[in-house]
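Here is the structure we will look at.
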Amino acid sequence: MVITLEGRLGSQHLLLSLLILTAWKAGSGQVRYSVPEEAKHGTFVGRIAQDLGLELAELVPRLFRLASKGHGDLLEVNLQNGILFVNSRIDREELCGRTLECSIHLEVIVDRPLQVFHVEVEVKDINDNAPVFHLKEQRVRISESRLPDSLFPLEGASDADVGSNSILTYKLSSSKYFALDVKTNSDDNTQIGLVLRKSLDREEVPEHNLLLTATDEGKPELTGTVQVLVTVLDVNDNAPSFEQTEYEVRIFENLGNGTVVIRLNASDRDEGVNGEISYSFNSLVPAMVGDQFRIDPNTGEIVTKGNLDFEKLNLYKIRVDATDKGHPPMAGHCTVVLRVLDINDNVPQIALTSLSLPIREDAQLGTVIALISVSDLDSGANGQVTCSLTPQVPFKLVSTFKNYYSLVLDSALDRESVANYALVVTARDGGSPSLSATASVSVEVADVNDNAPAFAQPEYTVFVKENNPPGCHIFTVSARDADAQENALVSYSLVERRVGERALSSYVSVHAESGKVYALQPLDHEELELLQFQPRQPNPDWRYSASLRAGMHSSVHLEEAGILRAGPGGPDQQWPTVSSATPEPEAGEVSPPVGAGVNSNSWTFKYGPGNPKQSGPGELPDKFIIPGSPAIISIRQEPTNSQIDKSDFITFGKKEETKKKKKKKKGNKTQEKKEKGNSTTDNSDQ
């Protein structure tokens with residue numbers, strides 16, 4: 001409440017200005033405020049951040065912003081204190097004209113996560129417009145033969161304000177001949193006129209000058225005036241008259257040109273030319289009426305001449321004059337109230353905003369992808385719009401406010417199954433027949449690294465002749481990843497272990513990018529018959545980060561590896577834990593297996609209960625399993641000019657069981673050569 005006290009030269013005026021600022025939440029979660037028009041810049045409207053349940057500290061990080069269709073920057077929010085205030089001049093009449101309810105609709109949008117709130121700010125009317133007469137002077141011609149109590153219509157004033165601020169009272173300057181008649185009809189339309197109190201004598205007073213004053217009921221009250229000039233006429237003393245002072249007609253919009261709206265009929269008690277009537281629109285009728293209608297001067301028919309559009313204007317008040325042909329002519333008057341009825345002639349409109357694309361395939365259910373608003377210029381059922389989504393997709397439309405929807409994720413996504421969705425949003429009104437509009441939305445699914453690399457087969461077997469040249473290419477392994485781009489890049493490495501007195505890496509190596517396996521030195525069958533690596537299938541939880549796929553190596557922490565060791569009592573299965581010696585926190589990230597550029601001295605192998613044997617520093621078990629390792633290799637060398645046994649092989653992948661060595665029989669070289677010719681494969685690229 002703001003109270004201002006002013007004084008000047010002995011007269012004191014108390015100006016009591018009530019500024020009622022209210023905020024309340026409707027059932028739909030909408031926040032409403034009110035503010036008077038013409039409020040000064042900075043006027044407090046409401047604590048919008050608090051009322052929306054937002055913390056002040058998150059306004060800037062979440063990109064708090066206002067959107068207002070067509071209303072510019074009338075209102076603004078102070079991001080430091082979350083207060084909504086008046087930013088520029090608000091003129092209610094400019095915003096809403098003569099509409100009783102006037103409000104500014106605001107959309108409040110914040111990100112992370114994306115949320116939208118709807119705020120209505122009602123603009124309260126103040127009495128800032130005085131009554132206005134459209135003409136500076138109104139001329140009325142009255143025959144001296146007119147009897148007392150005759151009524152002569154006058155044009156009333158208009159006030160751009162609404163409510164009590166627009167309710168007008170009229171007062172006529174003092175006259176012994178005229179009084180003012182004011183009537184209000186059923187639709188609150190006020191009609192005023194001059195009432196003749198006593199007979200006129202043109203010879204005595206040919207003209208009368210009157211002052212008509214209109215005063216509104218605002219606080220403080222405002223007034224407007226107009227001069228009324230009455231000219232007294234002689235002779236023709238009967239004016240035409242209509243059966244009714246007001247006619248009401250209802251017609252549908254979009255009628256064809258030349259359609260008859262109404263046929264008026266007036267009568268005149270005079271005879272001859274004084275009783276002949278011509279119909280016309282009153283000179284005070286707005287120009288737009290003349291653009292849409294015409295009246296036949298002889299028949300009184302009002303017909304259409306333009307296209308009637310309910311959405312542009314749905315009510316016409318037409319003043320019609322029936323004028324006789326006497327000298328001077330006299331006129332009767334009536335008003336035709338023409339109401340235009342709506343038909344379903346406007347297609348719904350769809351607006352897509354705030355698209356959050358692409359969407360990650362691991363996005364949570366309920367993630368907002370886009371904001372959709374619909375509108376229809378028609379009224380009633382013709383303007384009621386419903387939205388639907390096609391085809392059957394893992395998305396749905398959620399109504400957030402009247403004619404506002406959010407496109408949200410409804411079920412889980414899998415980019416490897418469907419990488420792009422073509423959605424169609426359909427808006428359909430409630431007319432009969434209904435009209436609809438569609439909008440297409442293409443939703444791209446962004447890849448996340450949710451697929452481990454996989455080899456084409458679980459096991460590879462390769463025969464290699466001994467005495468091969470150093471650096472000889474003996475085989476190529478290939479793995480594929482169902483993910484995309486950097487998530488699909490695969491790097492290869494060998495699991496390092498010791499083979500006798502030497503490290504595995506002294507025998508073979510694998511190219512990290514191509515998967516080509518090379519023998520680093522000549523292989524000697526007599527020295528080494530079999531070089532082999534029992535892995536299990538990659539753990540389903542194994543993941544490579546994008547940096548590791550590019551060849552970067554970090555510390556490793558692997559768990560639940562299995563060992564199959566042959567003891568005196570036969571094969572004994574145990575489950576060691578393979579851990580990195582690197583301290584936390586780097587050791588927490590899963591990396592490529594042992595041998596991918598990591599020194600074996602940095603590894604520790606521990607066995608579970610039942611076998612107390614532990615590996616020493618820098619040692620690896622003879623045979624072990626590491627989850628997720630890309631390849632396990634076994635090599636058995638072929639002696640020169642000797643029989644090749646099928647147990648002489650290099651294997652990549654999982655071995656289901658321990659293969660028994662076949663004893664090589666000496667002698668019978670002819671039979672050995674036959675078997676060698678049937679089973680040996682060339683050590684070229686495969």
Side-chain angles (χ1 to χ4, degrees), residues 1-2 4 17-97 99 101-126 128 351-357 366-375 398-408:
M1 177 181 295
V2 179
T4 304
S17 176
L18 296 177
L19 179 60
I20 303 174
L21 301 173
T22 60
W24 66 94
K25 291 187 177 180
S28 64
Q30 179 187 8
V31 176
R32 296 181 62 90
Y33 301 105
S34 65
V35 64
E37 67 173 330
E38 305 296 344
K40 294 182 179 180
H41 172 76
T43 297
F44 174 90
V45 178
R47 300 185 182 277
I48 189 170
Q50 175 180 322
D51 294 335
L52 293 177
L54 300 175
E55 296 295 334
L56 295 180
E58 66 180 348
L59 297 186
V60 173
R62 293 188 66 185
L63 302 179
F64 182 99
R65 56 198 182 275
L66 289 181
S68 177
K69 294 182 180 179
H71 298 315
D73 58 347
L74 298 179
L75 300 170
E76 192 55 80
V77 174
N78 185 331
L79 297 182
Q80 302 303 316
N81 55 23
I83 290 177
L84 180 66
F85 63 92
V86 175
N87 188 48
S88 59
R89 176 176 176 264
I90 301 177
D91 186 346
R92 186 191 185 284
E93 289 71 35
E94 182 179 343
L95 285 176
C96 305
T99 305
E101 295 182 0
C102 182
S103 61
I104 300 173
H105 177 73
L106 303 176
E107 288 183 357
V108 178
I109 302 174
V110 291
D111 292 338
R112 304 178 189 138
L114 177 63
Q115 289 181 286
V116 62
F117 303 91
H118 297 275
V119 178
E120 292 284 337
V121 180
E122 182 183 9
V123 180
K124 296 288 188 180
D125 183 55
I126 65 172
D128 59 340
L352 297 173
T353 59
S354 302
L355 293 173
S356 298
L357 296 175
T367 298
V368 177
I369 300 167
L371 301 180
I372 301 172
S373 62
V374 295
S375 60
V398 177
S399 178
T400 57
F401 187 67
K402 180 182 180 182
N403 291 339
Y404 287 86
Y405 297 84
S406 292
L407 178 63
V408 301

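Residue indices begin at 1 and follow the sequence shown. Basis for what follows: all heavy atoms, side chains included, without hydrogens, waters or symmetry-related copies.
The side chain to side chain contact (heavy atoms under 4.5 Å, CB included) test with L84 singles out one residue from D51, L106, V35, N78, and that residue is L106.
Here CG of L56 is found 8.5 Å from CD of Q50. Values are rounded to the nearest 0.5 Å. Atom-to-atom distance recorded for L75:CG and I90:CD1 is 4.5 Å, nearest 0.5 angstrom. Note that CG of L371 is 7.5 Å distant from OG of S356, once rounded to the nearest 0.5 Å. Atoms CG and CG, on L355 and L114 in that order, are 10.5 Å from each other to the nearest 0.5 Å. The structure places CZ of F117 at 4.5 Å from CG of L54, a figure rounded to the nearest 0.5 Å. Taking CG of N403 as the reference point, atom CD1 of I372 lies at 12.5 Å (rounded to 0.5 Å).
At least one side-chain heavy atom of S88 sits under 4.5 Å from a side-chain heavy atom of L74. Between L66 and V108, some side-chain heavy-atom pair lies under the 4.5 Å cut-off. Side-chain contact between E101 and C96 is absent, with no heavy atoms from C-beta onward closer than 4.5 Å. Between E37 and D128, some side-chain heavy-atom pair lies under the 4.5 Å cut-off. Proximity of V119 to E107: side-chain heavy atoms (C-beta onward) are nowhere separated by under 4.5 Å. You'll find the side chain of I83 stays beyond 4.5 Å of the side chain of V77, heavy atoms only. Using a 4.5 Å heavy-atom cutoff, the side chains of Y405 and V374 are in contact. Annotation: side chain of I104 is in contact with side chain of S68 (closest heavy-atom distance under 4.5 Å).
Smallest separation of non-hydrogen atoms from G82 and L59: CA-CD1, 4.0 Å.
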(message) Using the rule given for salt bridge (charged side-chain N to carboxylate O under 4.0 Å, His left out), can you reason through D111 versus R65, listing the C-alpha separation, both sets of side-chain angles and the distance that settles it, and then say yes or no?
(response) CA-CA 9 Å; D111 292 338; R65 56 198 182 275; 3.4 Å; yes
(request) Decide yes or no on side chain to side chain contact (heavy atoms under 4.5 Å, CB included) for L95 and V123, but give the supporting numbers first. (result) CA-CA 9 Å; L95 285 176; V123 180; 4.2 Å; yes
(request) Show the numbers, then the answer: is there a side chain to side chain contact (heavy atoms under 4.5 Å, CB included) between V86 and H41? (result) CA-CA 5 Å; V86 175; H41 172 76; 5.6 Å; no
(message) Between F64 and L79, is the side chain to side chain contact (heavy atoms under 4.5 Å, CB included) condition met? List the steps.
(response) CA-CA 8 Å; F64 182 99; L79 297 182; 3.6 Å; yes
(message) Applying side chain to side chain contact (heavy atoms under 4.5 Å, CB included) to R112 and E58, what does each step give before you reach the verdict?
(response) CA-CA 10 Å; R112 304 178 189 138; E58 66 180 348; over 6 Å; no
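Between H118 and Y404, the ring-plane angle classifies as tilted under the 30° and 60° cut-offs.
Put simply, the side chain of R92 never gets that close to the backbone of I126: no donor and acceptor are under 3.5 Å apart. Checking side-chain atoms of R89 against main-chain N and O of E38 turns up no donor-acceptor pair under 3.5 Å.
For R47, the CZ atom sits in a loose shell: 12 or fewer heavy atoms of surrounding residues, nucleotides or ligands are nearer than 6.0 Å.
E120 and S103 form a side-chain donor-acceptor contact under 3.5 Å, judged by distance and modelled atom types alone.
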